[in-house]
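Worth saying up front: this structure is predicted, and the values here are computed from it rather than measured. Each chain gets a letter, A, B and so on, in the order the sequences are listed, and its residues count up from 1.
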There are 2 protein chains.
Amino acid sequence: MNLKHVALQARVSTATVSRVVNDTRFVEKSTRARVVKAIEELKYHPNLHARSLAGGKSRTIGVIASNLENPFFFDIYKIIESDAHSRGYEVMAANTDYRSEQLIASLRLMIGRRVAGLAVIVSEMAPELMDELNDARIPVVFYDVGTPRGNVTNIRVNYRRGIEKVVDYLYSLGHRRLGFIGHHAILGPINERIKAVMDAVARIPSLEVRTAADADTLEGGRQAARQLLSNGYEPTAIICVNDVTAVGALRELRERGIRVPQDMSVTGFDNVKLSEFCYPALTTVHIPREQIGHIICESLMSKSGKWAAAAAGIVIDPELVLRDSTGPAPPGEPAANQANGKGDTLVEGTRRPAVRGCAPAR
Amino acid sequence: MNLKHVALQARVSTATVSRVVNDTRFVEKSTRARVVKAIEELKYHPNLHARSLAGGKSRTIGVIASNLENPFFFDIYKIIESDAHSRGYEVMAANTDYRSEQLIASLRLMIGRRVAGLAVIVSEMAPELMDELNDARIPVVFYDVGTPRGNVTNIRVNYRRGIEKVVDYLYSLGHRRLGFIGHHAILGPINERIKAVMDAVARIPSLEVRTAADADTLEGGRQAARQLLSNGYEPTAIICVNDVTAVGALRELRERGIRVPQDMSVTGFDNVKLSEFCYPALTTVHIPREQIGHIICESLMSKSGKWAAAAAGIVIDPELVLRDSTGPAPPGEPAANQANGKGDTLVEGTRRPAVRGCAPAR
DNA sequence: GGTGCTAGTGTAAGCGGTACCACCATTGGT
DNA sequence: ACCAATGGTGGTACCGCTTACACTAGCACC
């Protein structure tokens with residue numbers, strides 16, 4: 001069951017067995033064959049803990065995400081995993097569920113495992129934790145939180161700019177009363193996102209907005225929509241913090257007999273695959289998850305720190321993707337300025353001719 | 001930054017530090033305080049590899065799934081994770097992407113890490129691997145593959161029965177030409193599933209069916225639907241291997257102007273949350289993922305093997321869930337027997353009155 | 001005043017590998 | 001014939017931690 005047993009069986013020393021297993025140095029063919037045979041007979045599987053301990057260096061990189069259930073996170077995870085595998089690394093994932101205690105636990109776990117690198121893709125990040133991480137001397141990449149320091153790289157998305165594009169676009173369609181659907185995440189960045197929405201709206205005097213929040217799930221989006229619409233407030237467009245919650249909101253609207261986009265426009269965020277497959281397809285904001293994943297791997301695993309240094313300040317400018325869930329504000333609303341005068345770079349999605357009358361009868 | 005350093009700093013022995021860290025035995029208050037202080041000052045994080053190695057026993061359980069991107073797998077994973085955490089275990093996940101080499105790699109990884117238990121939720125499983133696992137003396141639970149043996153428990157879903165219920169239901173609605181959308185999984189069980197479909201159809205003489213397959217993703221479902229419909233074959237109902245591919249198929253149909261369920265009925269499988277949120281909501285078959293997750297944890301982590309023994313033969317009988325994606329076969333089809341005479345247990349989903357005319361104009 | 005507990009602590013033997021070093025044959029060069 | 005490489009192998013000191021065991025006080029009990 002361990003090296004010694006195999007060595008005994010193959011009548012060699014443990015060192016030689018180790019050489020065979022790791023394919024290092026020169027081992028005579030016949031000896032190697034004996035060892036391989038012994039390994040198979042004894043069904044020997046090297047103890048990875050012992051290996052890591054003795055070897056000192058780890059070949060695994062950790063990924064901590066807020067909610068792997070959301071394809072946004074999972075897509076990034078997958079990229080990291082495939083990049084890592086192709087370089088001979090393993091990947092360990094951990095979910096925080098937006099809970100900071102869980103983040104702490106996961107962080108300590110990763111440090112305890114002495115991972116070779118760590119990607120932290122969460123919205124809840126306390127400064128103390130960053131210190132703790134910094135002292136652990138592990139290469140770290142943060143997405144969307146934290147600040148670059150010694151061994152930590154930082155990738156940011158200009159979320160604010162993305163929201164502005166959405167708001168401007170909705171404004172150009174004549175929408176004046178907006179709703180925002182967020183998700184529960186008590187700490188920093190999410191509030192920062194709500195703030196981004198508030199600020200984007202505040203730039204334009206005639207706009208107003210109300211917010212609601214629930215879990216970062218389909219059901220959460222639905223609940224938030226319900227909450228948003230339950231107070232007599234009647235927005236003509238709902239901006240959702242991401243595509244998943246947007247799909248949740250779509251369902252609530254459908255069940256209320258509110259047609260999208262005729263009666264109500266809805267926007268998502270992230271441009272997750274699902275946003276193309278739901279009905280109606282979501283107007284959303286594209287976040288280049290693939291690129292993000294690659295950058296993370298690059299700065300975590302490339303020997304030269306050059307790239308990492310370059311990436312230390314990377315900020316991504318997201319693009320608007322137009323699909324079928326947005327349209328002109330319903331008539332009876334304040335006169336609309338239909339021109340899209342903002343000069344934003346719009347990416348035309350797989351948009352089809354306006355769709356009519358598709359909500360189920362109540 | 002190891003035990004010794006801490007011991008030195010706190011002027012105690014390494015054993016005492018270990019006792020403090022693990023909260024075992026009796027350590028005097030003042031001593032403990034000194035140690036804790038030293039730990040914090042030195043930002044000490046115990047090396048988990050060393051711990052596992054020295055301790056001998058592991059507190060982590062492994063989960064290997066075919067495609068964690070599919071909520072079916074992820075839901076089970078989440079249950080396992082939460083159950084495990086509440087018992088003080090860690091969880092390590094691995095994805096195989098339906099690739100058997102990846103399965104082998106993941107399996108060896110888990111064995112190498114000496115996990116305390118292993119849940120294998122995949123469709124690709126070669127017998128040799130089962131042997132290898134069996135010899136590793138690790139408690140294992142298989143979902144849907146393998147056979148119970150020494151330390152392996154087995155959970156099965158009567159997939160065949162589920163498919164029969166779907167076929168019978170569609171038949172009762174007058175459908176005679178069916179399509180089946182699967183996904184690429186070369187090995188055993190999936191073919192077994194296609195076989196289940198074939199058999200279920202073969203029971204009823206007037207039925208015919210054709211199949212298509214692509215990846216287990218939204219896009220894959222769409223491609224498979226495209227493939228299915230591209231040969232001049234005109235089914236009136238499409239049975240999908242799971243909800244995700246069904247949602248993919250829905251999109252393809254929508255884009256072709258084929259109305260669901262008026263022109264075409266579509267069914268999913270699994271009853272994933274998404275199946276309620278897509279449009280139209282999917283008629284599907286409920287697989288109790290929560291129960292499955294709990295059973296897995298129970299048989300992996302309960303000290304008494306009683307439960308495990310009981311679970312060794314567990315077979316789950318899935319239930320049909322009716323929603324909006326199925327309806328009577330379009331007129332012009334062979335006379336339909338509208339009665340649902342099969343006496344199946346049907347679960348009435350959140351079904352709303354028949355919906356009309358909702359596909360976008362082409 | 002021994003004897004037997006118990007609480008509190010130190011010592012050191014592993015856990016299963018890795019990797020450095022030493023050693024022994026062969027070689028081949030001079 | 002001698003020495004230096006070189007291929008192939010064994011010996012063994014760690015890696016950082018847990019844990020059995022030993023030891024020391026202090027205290028209650030005959």
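By the side chain to side chain donor-acceptor pair (under 3.5 Å) test, A/Glu90 pairs with no residue at all, sequence neighbours left out. By the side chain to side chain donor-acceptor pair (under 3.5 Å) test, B/Tyr89 pairs with B/Arg59, sequence neighbours left out. Annotation: side-chain contact (heavy atoms from CB on, under 4.5 Å) contacts of A/Ala93 (sequence neighbours excluded): A/Leu68, A/Tyr77. Shown here are the side chain to side chain donor-acceptor pair (under 3.5 Å) partners of B/Thr24, two or more places apart in sequence or in another chain: there are none. Residues meeting the side chain to side chain donor-acceptor pair (under 3.5 Å) test with B/Asn47, sequence neighbours left out: none. Under the side-chain contact (heavy atoms from CB on, under 4.5 Å) criterion, B/Arg99 pairs with B/Asp97, B/Glu101, B/Gln102, not counting sequence neighbours.
Note that the two end axes of the helix from C/dG1-D/dC30 to C/dT30-D/dA1 enclose an angle of 50°, each drawn from 5 base pairs, rounded to 10 degrees.
Using a 4.0 Å cut-off on heavy atoms, none of the residues of residues 35-43 of chain B approach DNA chain C. Of the residues in residues 44-57 of chain A, those placing a heavy atom less than 4.0 Å from an atom of DNA chain D are A/Leu53, A/Ala54, in numerical order.
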Under 3.5 Å between N/O atoms: give me all the protein pairs with nucleotides 23-28 of chain C, atom names plus distance.
none

Provide a list of protein-nucleic acid N or O atom pairs under 3.5 angstrom, restricted to nucleotides 21-24 of chain D.
none

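For A/Asn2, the listed nucleotide lying nearest its side chain is C/dG17; candidates were C/dT9, C/dA12, C/dG17.
For residues 5-24 of chain B, the set of pairs meeting the salt bridge (charged side-chain N to carboxylate O under 4.0 Å, His left out) definition, not counting sequence neighbours, comprises B/Asp23-B/Arg32.
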